[in-house]
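To start, the structure itself, in structure tokens.
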Amino acid sequence: LASGVTLVVAIGGLTNLRVGFEVTDVIPEDTPDHDFVGEYMANFNTYNFEIVGRAIDYPNKQREFMELMKTIDSLDRVRPINGGWWLPQLISWARGRGDFVEDGIIRPERFYEVVDLYTSMSSGGVAVFPRDETQPDRPLIRAPVGMYFAEGMVVTQHFVDLINEVRGAIEASGLPAHPSGLTFTYWEQYVQL
């Protein structure tokens with residue numbers, strides 16, 4: 001009987017364990033630093049991050065790209081910065097400027113032509129994406145796929161949940177992309193604890 005009670009108490013205790021330390025756990029209590037960090041986490045709990053793509057075949061992966069966008073946009077605590085994703089803005093810009101858009105995406109064979117036109121005619125975000133100019137049909141080398149705010153990030157579990165959700169969405173998309181930003185750089189260590 002005693003071992004059964006001990007087992008029940010142990011299982012109950014395991015369900016209440018939290019992941020990792022809170023930032024304030026590593027600062028001595030009753031100090032100005034502890035108070036400052038506690039107030040900071042409670043009141044300034046928004047962090048920016050971006051999804052970065054490496055050598056994504058954008059012309060042929062637009063649909064996967066749009067699905068990833070919808071998934072990330074639907075996550076709790078996530079809000080896009082300035083629309084978040086440049087591809088929908090590029091598609092919108094290309095509509096009505098020729099026969100570039102078909103079935104809701106830029107025709108793959110015209111994709112880099114649209115990027116070049118957009119870059120030359122506007123100051124849009126696509127202009128900063130490095131590309132090998134000697135091979136214009138080659139993929140963009142490194143491009144911020146989408147930019148976001150992670151809001152309401154108060155405790156470590158919020159960060160761990162966000163990291164797992166974002167990484168899961170990227171993995172499910174099959175795109176060669178990864179998240180970047182303080183949220184992922186600092187709190188990633190808690191995912192495996």
Side-chain angles (χ1 to χ4, degrees), residues 19-20 45-95 100-119 122 124-132 135-153 156-193:
V19 176
N45 50 33
T46 300
Y47 298 83
N48 65 314
F49 72 94
E50 64 184 8
I51 307 298
V52 178
R54 289 202 171 275
I56 294 175
D57 180 7
Y58 287 105
N60 296 303
K61 297 291 185 179
Q62 293 177 69
R63 293 191 197 291
E64 292 89 341
F65 188 38
M66 299 293 268
E67 283 303 312
L68 175 59
M69 173 192 75
K70 288 177 189 171
T71 301
I72 300 288
D73 286 353
S74 72
L75 297 177
D76 289 339
R77 295 191 169 84
V78 171
R79 182 172 53 90
I81 299 173
N82 296 327
W85 300 81
W86 58 264
L87 183 59
Q89 295 170 13
L90 185 66
I91 292 170
S92 178
W93 180 88
R95 262 191 193 95
F100 296 122
V101 178
E102 186 175 281
D103 297 327
I105 63 168
I106 297 170
R107 292 177 41 210
E109 70 275 9
R110 308 281 313 264
F111 185 84
Y112 287 112
E113 181 182 350
V114 171
V115 169
D116 290 339
L117 282 170
Y118 183 79
T119 300
S122 73
V126 179
V128 301
F129 298 167
R131 196 166 90 221
D132 184 349
Q135 297 177 325
D137 291 335
R138 301 284 287 198
L140 302 172
I141 299 166
R142 179 186 186 277
V145 175
M147 296 178 287
Y148 290 94
F149 285 125
E151 300 177 316
M153 309 299 282
T156 298
Q157 191 61 49
H158 294 159
F159 292 95
V160 169
D161 291 346
L162 178 73
I163 290 166
N164 287 331
E165 291 169 350
V166 169
R167 287 208 177 272
I170 292 170
E171 186 175 315
S173 77
L175 296 171
H178 65 276
S180 178
L182 181 64
T183 304
F184 296 88
T185 305
Y186 180 78
W187 274 274
E188 188 100 39
Q189 61 192 320
Y190 291 109
V191 172
Q192 299 302 322
L193 291 178

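Scanning both residues, Gly104 and Ile91, for their nearest heavy atoms gives O-CD1, 3.6 Å. Of all non-hydrogen atoms in Glu113 and Arg110, the two that sit nearest each other are OE1-NE, 2.7 Å. The two residues Asn60 and Pro108 come nearest to each other via the heavy atoms OD1-CB, 3.5 Å. Closest approach of Gln62 and Ile105 over heavy atoms only: OE1-CB, 3.4 Å.
Looking only at distances, no side-chain donor or acceptor of His178 sits under 3.5 Å from a matching main-chain atom of Ile51. Proximity of a side-chain donor or acceptor of Ser173 to a complementary backbone N or O of Ile170 within less than 3.5 Å is detected. A side-chain donor-acceptor contact under 3.5 Å links Thr71 to the backbone of Glu67.
Sorted by first then second residue, the salt bridge (charged side-chain N to carboxylate O under 4.0 Å, His left out) pairs that include residues 162-188, not counting sequence neighbours, are Arg167-Glu188.
By the 4.5 Å heavy-atom criterion applied to side chains, Pro59 and Glu109 are not counted as neighbours. With a 4.5 Å cut-off on side-chain heavy atoms, Ile106 and Tyr58 do not count as touching. Residues Phe111 and Leu90 have side chains in contact (heavy-atom distance under 4.5 Å, counting atoms from C-beta outward). Residues Phe159 and Tyr47 have side chains in contact (heavy-atom distance under 4.5 Å, counting atoms from C-beta outward). Taking the side chain as every heavy atom from C-beta outward, Met66 and Pro88 approach each other to under 4.5 Å. Within the 4.5 Å cutoff, the side chain of Ile163 has no heavy atoms near those of the Pro179 side chain.
Distance check, rounded to the nearest 0.5 Å: CG of Asn48 to OG1 of Thr183 gives 7.5 Å. Note that CZ of Arg63 and CG of Asp103 are 5.5 Å apart. Values are rounded to the nearest 0.5 Å. Distance CD/Gln157 to CG/Asp161: 4.5 Å, rounded to 0.5 Å. Separating the CZ atom in Arg79 from the CD1 atom in Ile81 is a distance of 7.5 Å, to the nearest 0.5 Å.
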For Phe49 and Leu182, what are the C-alpha separation, side-chain angles and deciding distance, and is it a side chain to side chain contact (heavy atoms under 4.5 Å, CB included)? CA-CA 7 Å; Phe49 72 94; Leu182 181 64; over 6 Å; no
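Checked against the 6.0 Å centroid criterion, the rings of Phe65 and Trp86 qualify as a close aromatic pair.
Glu151 and Arg77 are not joined by a salt bridge, as no carboxylate oxygen comes within less than 4.0 angstrom of a charged side-chain nitrogen.
For Phe149, there are no ring-ring contact (aromatic ring centres under 6.0 Å, His included) partners two or more places apart in sequence or in a different chain.
Between Asn164 and the options Leu162, Val160, Val166, a side-chain contact (heavy atoms from CB on, under 4.5 Å) holds for only Val160.
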